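Worksheet for the structure shown next.
Protein chains get the first letters and strands the later ones, always in sequence-line order, with residue 1 at the start of each. Just so it is clear, the structure is predicted and the values come from calculations on it, not from any experiment.
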Amino acid sequence: MALKTEHMVLNMGPQHPSTHGVLRLELELEGELIKSVKPHIGYLHRCFEKHAEAMQYNQVIPYTDRMDYLAAMYNNFGYVIAVEKLLGIEVPERVQYIRVIMGELQRIASHLVALGTYGLDIGAFTPFLYLFRDREKILTLFEMTCGARLLYNYMWVGGLSHDIHPDFQRMTKEFINYFKPTIVELDNLLSYNKIFIERTANIGILPVDTAINYGVTGPMLRGSGIKFDLRKDDPYSIYHRFDFDIPVGKGLYGTVGDCWDRYYVRVREMEQSLKIIEQAIDNIPDGDVQSAIPKRIKPPKGTVYSRVENPRGELGYFIISDGNTNPFRVKVRAPSFVNLEVMGELCKGHLVADVIAILGSVDIVLGEVDR
Amino acid sequence: MYQYFYNLLGNEIAATLITAAVPLVNVLLVALIGVYLERKVSAHMQDRLGPMRTGWHGVFQTIADFIKMLQKEDAVSTEIDKKLYNLAPVLVFTGTFAAYAAIPFSSQLIGSEAEVGIFYVVAISSLVVAGILMAGWSSNNKYSLLGAMRSAAQIVSYEIPTAIVILSMVMLTGTLSLDKFSQMQTAYFWNWNIFGGADFGLVKFLLIPFMIVGFIIVFISTLAEVNRTPFDIPEAESELVAGYFTEYCGMKWAMFMLSEYGNMFAVSAIVTILFFGGYQSPVGYVGDLLGADWMIPLEQGFWFIAKGWFFIFVQMWLRWTLPRLRVDQLMSLCWKYLIPYAFVNLIIIGFISLI
Amino acid sequence: MKQYFKNTWDGIWTVLIGMKITFKHLFTPAVTIQYPDVKVKLPDRVRNRLYVNIDDCIGCDQCSRACPVSCIEIETVKGVPGEDLGTTSNGKKKALWVTKFNIDFAKCCYCQLCVFPCPTECIYMTDIYEFSEYDRNNFVYNFSALTKEEIEQKKINFEKFQAEKEAQKAAAAKPKTDTPPAATN
């Protein structure tokens with residue numbers, strides 16, 4: 001008589017010590033091997049899209065901050081570009097330059113959190129603290145400009161809320177000089193560490209066609225070898241004026257598209273962001289950042305979809321306007337939401353201990369997944 | 001040391017108790033200072049300050065933690081196996097503490113001058129495995145059992161490279177007694193075993209690289225035996241399970257912690273005795289210079305404790321630098337890397353010692 | 001086979017490099033401060049608790065309309081003509097009594113959207129961030145400077161004035177129905 005076996009269902013519940021918000025993963029196990037992973041989301045749903053229908057266009061901006069709270073500047077950026085397209089207004093050059101600089105600083109800050117918490121999940125406690133020390137410097141720059149450290153409400157429709165502080169350029173240049181050796185230190189401490197490579201190489205391999213079929217974007221897609229970045233392929237704002245490179249995963253320590261590649265892409269992206277900031281910080285033209293801000297935002301009837309390259313992927317805003325001061329519908333295409341779906345494919349055939357490594361490399365923010 | 005106290009006091013039981021009290025005091029001090037030092041060392045490595053408010057720079061932090069543990073409610077579930085549950089921490093602590101019986105703190109301060117020192121230490125530390133399995137089983141918790149079995153597998157596997165390296169050292173020096181080990185490595189650091197031993201000659205220089213390999217192997221293996229990072233799957237907030245002492249709280253958990261720090265000192269002691277001269281000072285004795293013979297055991301005690309603490313510091317240093325190994329990688333490290341290297345080391349040392 | 005030795009060498013060498021980095025950091029000074037005793041110096045544009053200078057407030061309701069979370073509640077009573085309500089610090093004459101100006105800081109999202117529309121710059125963000133309370137109802141801050149009796153008085157005044165105006169209008173309208181549609185004065 002054969003033994004009846006069944007798969008064990010294990011619940012990595014909404015509260016667990018090593019991730020990234022309230023996410024529930026339902027794992028179906030056969031011994032230690034994973035048969036399927038089902039993510040359950042919705043624990044952080046705050047009805048952003050419904051709120052946006054009740055607010056005026058400029059009042060929606062604080063709400064967009066709170067979706068992906070680790071990269072709030074980019075959320076603002078995407079939304080204001082969409083509304084400006086709808087209104088058909090041109091922002092001054094100074095505003096464009098400052099927006100790019102703020103966006104790239106925010107990209108570095110967001111990647112610092114992603115890499116630090118990834119090291120923490122794997123068990124290395126120190127890089128987390130070193131990277132957060134560096135993130136403090138970026139947050140000080142932001143606080144000096146607009147007054148807040150995490151949720152900025154800085155980019156307004158047609159301009160910015162404050163002009164940059166007189167000390168901003170000097171302090172940003174100091175930050176660039178300070179940060180370059182820190183990336184080298186991070187590489188030595190974590191990226192090329194044999195134990196870290198053992199934990200992350202050849203784990204969670206994302207093949208190219210799966211990535212494209214699921215609609216994955218951002219460092220996950222670039223980790224699988226595809227050189228696709230919205231800043232180069234569908235340029236918005238003034239990114240076409242800057243010279244920077246797109247790092248892709250090459251499978252240096254394992255196969256192309258594993259967790260190490262995604263981690264590596266993020267580290268190299270930080271370097272490229274520094275390059276963009278260096279090119280932009282000295283060339284900010286003069287002007288008034290608030291000159292193009294309209295008194296009343298009442299766009300004509302129409303729809304617009306505009307997308308920006310969030311640190312996590314393609315962030316898209318689809319806005320339907322029916323001629324009032326409130327939008328009729330705001331729909332957000334959140335990159336973490338789409339990237340999370342591919343977890344089921346990535347975890348097949350791995351052990352339970354690898355689920356944490358894979359989840360860390362997907363780099364989700366639950367505020368964005370649930371909105 | 002027992003003889004000394006017996007002559008002093010004339011009473012068997014009192015002499016035994018005092019002899020046993022010395023390592024106990026050491027273990028308690030190691031735990032007290034170790035917890036505080038771990039937090040301070042980790043803090044300074046991470047560019048922060050650590051405990052600063054309880055006492056000057058936080059020196060009373062461990063005492064505050066200890067008082068907190070004492071007054072905690074001992075919440076146990078009703079489904080546990082009571083006898084095993086209560087016995088497990090005692091067993092783990094006993095296994096650790098009993099190893100101190102054969103470790104010489106100085107030439108006068110040895111618990112028991114047994115001739116089978118190192119053999120006894122390796123054997124009695126295996127009692128810890130029984131305690132861990134008891135803790136995991138009696139908790140009546142799926143995850144504790146899994147964690148306990150992993151931890152037991154880890155400890156048992158890593159005893160093998162330890163034993164092989166110890167075997168090669170025993171083969172070289174020809175004695176099992178830890179006291180004789182220390183005495184043979186005289187009080188000058190170039191005579192220590194890591195530099196080839198006390199007999200000057202070609203053999204000494206040939207042995208140096210293999211001694212270093214042996215030292216690395218035994219250091220890594222003993223790190224795994226005390227469940228420190230990078231081998232702390234059973235202990236850290238590992239991915240799913242919280243390890244074999246999930247269901248313990250209050251004083252029983254404190255016993256596990258105490259035995260962990262005691263174990264750390266014990267394995268550091270073994271490593272120093274095998275390779276770094278035990279209680280011998282690296283540069284000779286002040287007592288010899290001054291002609292005061294009574295000072296020498298005190299100096300030896302000081303050097304022994306200093307060396308033990310140095311290796312504890314290295315263990316803490318490794319904890320805060322490295323990520324964690326996955327369980328199967330841990331096993332493959334032991335069986336596929338450490339054991340072959342240890343065997344080859346053993347054979348080569350054997351050949352060299354024939355020269 | 002070669003991979004085997006390379007793995008061994010990599011393992012040992014990368015561990016030693018990592019150890020060197022953490023050892024160096026053992027001697028760098030700490031970047032943290034001891035918070036309750038030492039506090040961080042905040043920049044000037046910082047956004048923390050709001051403050052309303054009620055003497056300057058003209059009761060225009062712009063801040064309340066700009067707020068995305070509706071945490072500002074303003075009620076005003078029109079002043080009777082002939083009553084002097086004072087002038088604001090930049091010279092405007094006030095025309096409304098601000099009877100209720102409540103900000104609920106449990107709802108405020110510190111977005112600063114209320115600061116910009118104010119014509120007299122009487123609402124602004126200070127740098128106070130340590131204002132926790134035990135009871136949630138204590139988070140409603142009342143900025144209005146009028147006491148309850150004064151509020152009642154102002155309301156009664158205004159209603160009397162309204163009633164008088166109504167009576168005057170009624171009195172002015174009545175002769176309209178008597179006399180032919182030629183003269184009204």
Side-chain angles (χ1 to χ4, degrees), chain A residues 8-13 15-19 25 27 29 31-34 115-116 118-134 136 182 185 188-203 259-260 263 350-360, chain B residues 38-50 141-147 149-151 153-154 216 220 223-224 227-243 246 315-334 336-338:
Chain A
M8 180 169 97
V9 171
L10 195 61
N11 199 17
M12 280 176 72
Q15 313 145 318
H16 42 133
S18 46
T19 33
L25 288 175
L27 308 171
L29 304 174
E32 283 253 347
L33 285 176
I34 295 187
L115 302 173
Y118 194 42
L120 197 63
D121 292 343
I122 304 283
F125 301 98
T126 357
F128 174 68
L129 287 153
Y130 292 164
L131 295 179
F132 264 66
R133 173 201 62 193
D134 302 329
E136 275 303 304
T182 318
E185 189 187 63
N188 282 340
L189 187 57
L190 195 61
S191 318
Y192 298 122
N193 193 330
K194 186 75 184 138
I195 301 180
F196 183 73
I197 294 175
E198 287 286 308
R199 280 301 292 267
T200 51
N202 291 323
I203 305 280
C259 292
W260 195 86
Y263 167 88
H350 286 300
L351 306 174
V352 173
D354 294 326
V355 172
I356 300 289
I358 298 176
L359 190 62
Chain B
E38 168 131 46
R39 290 171 74 156
K40 275 301 202 184
V41 163
S42 80
H44 281 283
M45 278 187 181
Q46 294 164 354
D47 284 347
R48 54 189 179 94
L49 288 169
N141 182 351
K142 223 183 328 186
Y143 304 127
S144 289
L145 185 60
L146 270 178
M149 290 206 289
R150 282 183 185 169
S151 172
Q154 178 183 325
I216 294 179
I220 297 177
L223 206 64
N227 289 338
R228 296 283 293 184
T229 321
F231 307 107
D232 64 348
I233 301 281
E235 176 181 291
E237 311 95 47
S238 72
E239 297 89 38
L240 277 176
V241 302
T246 334
Q315 288 178 343
M316 288 183 189
W317 185 5
L318 277 174
R319 177 177 186 185
W320 300 109
T321 313
L322 298 175
R324 226 175 278 141
L325 281 174
R326 212 175 55 203
V327 169
D328 57 324
Q329 289 164 353
L330 200 151
M331 287 305 184
S332 97
L333 176 69
C334 173
K336 292 193 195 162
Y337 286 84
L338 288 182

Note to self: Set out, in order, the CA-CA distance, both residues' side-chain angles and the distance that settles side-chain contact (heavy atoms from CB on, under 4.5 Å) for B/R326 and A/I203, then state yes or no.
What the structure shows: CA-CA 12 Å; B/R326 212 175 55 203; A/I203 305 280; 3.5 Å; yes
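Between chain B and the residues A/N193, A/I195, A/V355, the largest count of heavy-atom pairs under 4.5 Å involves A/I195. By number of non-hydrogen pairs under 4.5 angstrom with chain B, the leading residue of A/L351, A/L190, A/L189 is A/L351.
One distance of note links CG of B/L322 with CD1 of A/I122; it measures 13.0 Å at 0.5 Å rounding.
With sequence neighbours excluded, the residues satisfying side chain to side chain donor-acceptor pair (under 3.5 Å) with B/D47 are A/R133, C/H25, C/T28. Contacts of A/N188 classified as side chain to side chain donor-acceptor pair (under 3.5 Å), with partners at least two apart in sequence or in another chain: none.
Not one N or O on the side chain of A/E198 forms a donor-acceptor pair closer than 3.5 Å with the backbone of B/Q329.
For the residue pair A/F125 and B/R324, the shortest heavy atom distance occurs at CZ-NH2, 4.0 Å.
A/F196 touches chain B through backbone and side chain together, each having a heavy atom under 4.5 Å away. Contact of B/Q46 with chain A is made through backbone and side chain together, with heavy-atom distances under 4.5 Å. At a 4.5 Å heavy-atom cutoff, the contact between B/T321 and chain A is made by backbone and side-chain atoms alike.
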